Amino acid sequence: MNKILISPSILSANFSILGKEIKNVLQAGADMIHFDVMDNHYVPNLTFGPIVLESIRKYPISAPIDVHIMAKPVDNLIPLFAQAGANFITVHPESTYHLDRTLGIIKENGCKVGLAINPSVSINVIDHVIDKLDLILLMSVNPGFSKQIFIENTFKKIFELKKKINLTKKKIYISVDGGVKFCHIKPLIKSGVNILVIGSYIFDNINSKFIVKKIKHEINNFKNISVV
Ligand code: DX5
Ligand code: ZN
């Protein structure tokens with residue numbers, strides 16, 4: 001679990017050339033793709049659904065895709081995203097009445113199970129479902145929009161989460177999502193994050209490949225320094 005993965009959020013990509021945008025970041029060294037589903041109900045924004053994911057798979061894109069569902073109700077969407085090609089499906093606890101059942105549906109559909117934790121939500125929400133989790137997505141902004149400011153209290157939550165995960169024998173990815181810029185990369189790796197979800201910082205730049213390479217370089221630099 002030492003590898004730090006870069007997961008560009010396509011919410012900030014140019015949708016008219018989405019396949020190309022995804023290919024570019026993967027060629028530059030991104031490890032997976034973050035797919036933000038919004039419904040204008042659970043969050044005040046509207047994005048894309050399973051048919052867009054299916055098109056991405058057909059383009060073809062074979063990299064792992066984490067589908068972050070910000071939609072309510074959520075259970076009926078899970079099989080659709082699994083069939084469309086999701087590898088991870090991440091849900092919010094507030095989007096379902098029966099979280100344990102919802103996480104079970106993700107697993108039954110052959111996907112890795114993710115739970116997203118909003119800035120105001122305690123990490124204790126994982127306590128009775130931790131055995132089911134493969135990924136915990138800590139929201140470092142309130143869900144709904146890209147280009148928001150990173151909430152610094154996230155670092156405290158990563159620290160507490162790390163302690164909880166260490167008590168289990170399970171390997172669970174810690175992913176951080178929202179407002180991540182270059183200055184956050186080192187502190188996030190240092191605090192124990194495994195997956196960096198980054199949207200506007202990558203795709204708002206005219207040269208997204210250059211930015212991904214720059215992030216990759218920073219990750220490798222960090223590894224080299226910490227070995228010495
Ligand atoms: C916010 C989304 C994030 C967002 C990240 O609700 O879940 O994935 O797109 O974009 P930036 O990096 O611009 O905050
Ligand atoms: Zn997201």
Side-chain angles (χ1 to χ4, degrees), residues 4-15 18 21-22 25 28 30-50 52-53 56 63-72 74 77-78 81 86-95 106 111-121 133-155 157-158 173-185 187-189 193-206 208 211-212 214-216 218-219:
I4 313 299
L5 307 175
I6 304 173
S7 184
S9 160
I10 57 168
L11 184 58
S12 295
N14 178 345
F15 296 150
L18 188 54
E21 289 268 77
I22 295 175
V25 291
D31 303 278
M32 58 196 292
I33 294 298
H34 186 84
F35 188 96
D36 284 308
V37 178
M38 301 184 184
D39 68 344
N40 191 35
H41 173 64
Y42 175 68
V43 287
N45 200 355
L46 189 63
T47 60
F48 31 64
V52 175
L53 178 57
I56 291 171
I65 297 182
D66 177 21
V67 176
H68 175 194
I69 310 185
M70 289 157 274
K72 185 179 179 172
V74 66
L77 293 173
I78 292 167
F81 282 109
N87 299 91
F88 290 81
I89 294 184
T90 299
V91 296
H92 285 254
E94 312 79 18
S95 68
I106 300 175
C111 292
K112 298 270 185 206
V113 180
L115 185 66
I117 304 180
N118 281 339
S120 67
V121 174
L133 303 180
D134 299 296
L135 179 151
I136 296 167
L137 183 77
L138 275 182
M139 293 304 299
S140 39
V141 297
N142 288 293
F145 302 95
S146 61
K147 294 189 201 186
Q148 299 181 78
I149 305 286
F150 184 94
I151 297 172
E152 293 291 329
N153 186 54
T154 308
F155 285 107
K157 291 175 89 175
I158 299 168
Y173 290 99
I174 300 180
S175 181
V176 167
D177 183 10
V180 178
K181 303 271 178 294
F182 193 75
C183 62
H184 301 117
I185 293 168
L188 284 174
I189 301 173
V193 166
N194 313 106
I195 302 175
L196 302 164
V197 177
I198 308 177
S200 51
Y201 178 62
I202 292 176
F203 287 110
D204 282 2
N205 194 290
I206 195 150
S208 59
I211 299 294
V212 172
K214 190 173 152 186
I215 297 167
K216 197 105 189 156
E218 184 76 344
I219 293 171

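In listed order, ligands and their atoms are each counted from 1. Note that this is a predicted model, so its numbers are computed, not measured.
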Does the ring center of Phe88 lie less than 6.0 Å from the ring center of Phe35? no
Please examine the side chains of Val25 and Ile33, heavy atoms only from C-beta on, and report whether any two atoms are closer than 4.5 Å. yes
For the Zn ion (ligand 2), the closest N/O/S atom belonging to Asp177: OD2
To the closest 0.5 Å, what do you measure between CG (Asp31) and CD1 (Ile4)? 10.0 Å
Using the side-chain hydrogen bond (donor to acceptor under 3.5 Å, both in side chains) rule, take Asp36 and Ser9 through it: C-alpha gap first, then chi angles, then the decisive distance, then the call. CA-CA 7 Å; Asp36 284 308; Ser9 160; 2.7 Å; yes
Which atom of Asp36 approaches the Zn ion (ligand 2) most closely (N/O/S): OD1
Are any protein N/O atoms closer than 3.5 Å to the N/O atoms of ligand 1? If there are, list each pair with names and the distance to one decimal place.
residue  : atom   : partner : partner atom : Å
ligand 1 : 6 (O)  : Gly144  : N            : 2.8
ligand 1 : 7 (O)  : Asp36   : OD1          : 3.0
ligand 1 : 7 (O)  : His68   : ND1          : 3.3
ligand 1 : 7 (O)  : Asp177  : OD2          : 2.9
ligand 1 : 8 (O)  : His34   : NE2          : 3.4
ligand 1 : 8 (O)  : Asp36   : OD1          : 3.3
ligand 1 : 8 (O)  : Asp36   : OD2          : 2.7
ligand 1 : 8 (O)  : Asp177  : OD1          : 2.6
ligand 1 : 8 (O)  : Asp177  : OD2          : 3.1
ligand 1 : 9 (O)  : Ser9    : OG           : 3.0
ligand 1 : 9 (O)  : Asp36   : OD2          : 3.1
ligand 1 : 12 (O) : Gly199  : N            : 2.8
ligand 1 : 13 (O) : Lys147  : N            : 2.9
ligand 1 : 13 (O) : Ser200  : N            : 3.0
ligand 1 : 13 (O) : Ser200  : OG           : 2.5
ligand 1 : 14 (O) : Gly179  : N            : 2.7

From CE (Met139) to NE2 (His68), nearest 0.5 Å: 5.0 Å
If you look at every heavy atom in Pro143 and Val43, which pair is closest and at what distance? O-CG1, 3.6 Å
Name whichever N, O or S atom of His68 ends up nearest to the Zn ion (ligand 2). ND1
Rounding to 0.5 Å, atoms CG (Leu188) and CD1 (Ile158) come to a distance of 5.0 Å
